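In what follows, chains carry the letters A, B, and so on, assigned in the order in which the sequence lines appear, proteins first and then strands, with residues in each chain numbered from 1. The shown structure was predicted, so the numbers you read here are calculated from the model rather than taken from an experiment.
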Amino acid sequence: MSIRTENIKYVYSEGTPFRTLALDDVNVTIDQGEFVGIIGHTGSGKSTLIQLLNGLELATEGIVEVDGTIVGKDKKKLKLIRQTVGLVFQYPEYQLFEETVAKDVAFGPMNLALSQKEIDFRVKEALELVGFNYKKIKDASPFEISGGQKRRVAIAGVLAMKPDYLILDEPTAGLDPAGRNEIFHQIKKLHESSNFTVVLVSHSMEDIAKLVDRVIVLSKGKIHMQGSPKEIYLQAEELEKISLGIPQIASIVRELRKRGFNIRQDILTIEEAKTEILKEVRRRNV
Amino acid sequence: MFKNLTIGQHYPVDSPIHNLDPRLKIIMTFIFIISLFLIESFTGFLFVVAFLTVTITISKVPVKFVIKGLRPILFIILITFIINLLMTPGRVIFTLGFIKITEEGLRQAGFMAIRLTLLIMGTSLLTLTTSPIILTDGIESLLKPFKRFGLPAHELAMMMTIALRFIPTLMEETEKIMKAQKSRGADFESGNIISRAKNLVPLLVPLFISAFRRADELAMAMEARCYRGGENRTRMRQMKILKGDYVAAFVFAVYFAAIIVFKIW
Ligand SMILES: Nc1ncnc2c1ncn2[C@@H]1O[C@H](COP(=O)(O)OP(=O)(O)OP(=O)(O)O)[C@@H](O)[C@H]1O
Ligand SMILES: [Mg+2]
């Protein structure tokens, strides 16, 4: 069970002066149970790639395969694929339209033609999964809650379809640090407790570093490199070449090492760094 | 869905037609439309087609692009054709039940379809070769004389500029929201008319909300930069009549004269 792409290319506005090759020969595999991060600077093709993964756009060339089914024009298959691969768009709060939060979350399951009982159950479950108190939020208007809450409602709207894969496009764009942490915390919990396969798109290494098992780095529509966060950070120069930074803590460690600190190179969290630096300081004092 | 919409779209290349003064282009387009209604023979239309072909070639806009602009109004052309075909009295050449087709009707319908086709092609050439901003500058300048009679020329032009500016934005937005709802299982393509209309709600509500939000933000941003209408406003781009404009005007005058001559003969 996996999502797989084979040499996909995607071209926008073919045959006009605006022609853009947004994806060029991309091969990725996302296995069930993984937590994958896709990063790349703006315009590198991240949003395009994930839209191909659930059949919203069809590849100009190449193959996309979801759990063994090739994504094509067949409507029935497409519907199934869109249910299997849940996609949360950039700024998903702009898709809200119902009078109440509960009704809005129910929109997805309703389209699956489920029984009313099942729909209600899923709505409650989804809203609780993103950290809401169901009773309190269900009758609120989706236009009168805060930005971060709207975002979580939109995510619940996708979760209510019970996808096997959850893809989120910059889920924290435009949120304050508190809202960001809240969303990341919920996503992490989703992955750990419900065993969702999660794909997280971002242009910030900082955000992704602590969460994901594997990072795919896109640049100009091509896969620049991929590997575990630690492997990726070791190539800081390479990342800077494609206008991506490394997390602050990783660059502090790098600078310290340059100045003769004998500490481990592959540090991602502040906690790790603290332990390492303290160890080194003690060693020096001896 | 919107990938084929070319009406009102600008095709940005550098060509003699693109560089013409917008006022001249607007006036010529108007006269071109009038000329279409003066013609009453197939040779006449052939002449227009030749003229249009040459103009399109000079403009460097692919013919394919100009023709694509016809697609959204194909339906209107068809309806006009059918109405003209069935409603024109004259010498009957074909009957089927209550349907009577006359020779005059066939002729009339054919002419009308050709006229509409050429009309759309001509006007899309105007928008294809003129960026919306320059186009509205031209319109504003042409409307200026009517200011004396209370016509708010600048405000009208500004409204048009804004409307034109937001067409692509709104289309992009529509596409985005459609995709978002599609990933929640929405279906915009199948079902009968009623269910299709109902399915549009999840698209239209967010679209309207975002359009209003945008309008609000834009008004705010304009006010923050002290916008207060046309009084004493100067422009960054001054419109100047150049040599190319004289040439184009002359060529076009010859074209129109030829049409008049056709007509009188
Ligand atoms: N609807 C579209 N029409 C034409 N070109 C597009 C369209 N959407 C994206 N592009 C182009 O395709 C390329 C990749 O865009 P994409 O949106 O996938 O980038 P991204 O990595 O998601 O960027 P961001 O971080 O800004 O969201 C860009 O060069 C962009 O200009
Ligand atoms: Mg994007």
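Highest contact tally toward chain B, considering only Asp104(A), Leu78(A), Ile81(A), is held by Asp104(A) [criterion: heavy-atom pairs under 4.5 Å]. Most heavy-atom pairs under 4.5 Å with chain B, from the set Met161(A), Glu93(A), Met110(A): that is Met161(A).
With a threshold of 4.5 angstrom between heavy atoms, Leu87(A) approaches chain B through its backbone and through its side chain. Looking at Tyr11(B), the atoms closer than 4.5 Å to chain A (heavy atoms on both sides) all sit in the side chain, from C-beta outward. Neither the backbone nor the side chain of Leu203(B) comes within contact range of chain A; no heavy atoms are under 4.5 Å apart. Contacts between Gln83(A) and chain B at a heavy-atom distance below 4.5 Å are absent for every atom of the residue. With a threshold of 4.5 angstrom between heavy atoms, Tyr94(A) approaches chain B through its backbone and through its side chain. Contacts of Gln51(A) with chain B are made by side-chain atoms alone, with heavy-atom separations under 4.5 Å and no backbone atom involved. At a 4.5 Å heavy-atom cutoff, Tyr91(A) makes no contact with chain B through either its backbone or its side chain.
Scanning both residues, Gly122(B) and Thr29(B), for their nearest heavy atoms gives O-CG2, 4.4 Å.
Considering CG of Leu74(B) and CZ of Phe81(B), their distance stands at 12.0 Å, rounded to 0.5 Å.
A centroid separation of less than 6.0 Å is found between the aromatic rings of Tyr12(A) and Tyr10(A).
The residue from Val198(A), Val199(A), Leu190(A) that alone fulfils the side chain to side chain contact (heavy atoms under 4.5 Å, CB included) condition with Leu168(A) is Val198(A). Just one residue in the list Thr69(A), Ile3(A), Asn54(A), Asp67(A) forms a side chain to side chain contact (heavy atoms under 4.5 Å, CB included) with Thr84(A), and that residue is Asp67(A).
The side-chain heavy atoms of Tyr134(A) and Glu125(A), taken from C-beta on, include no pair separated by under 4.5 Å.
Within a 6.0 Å radius of OH in Tyr227(B), more than 12 heavy atoms belonging to other residues, nucleotides or ligands are found.
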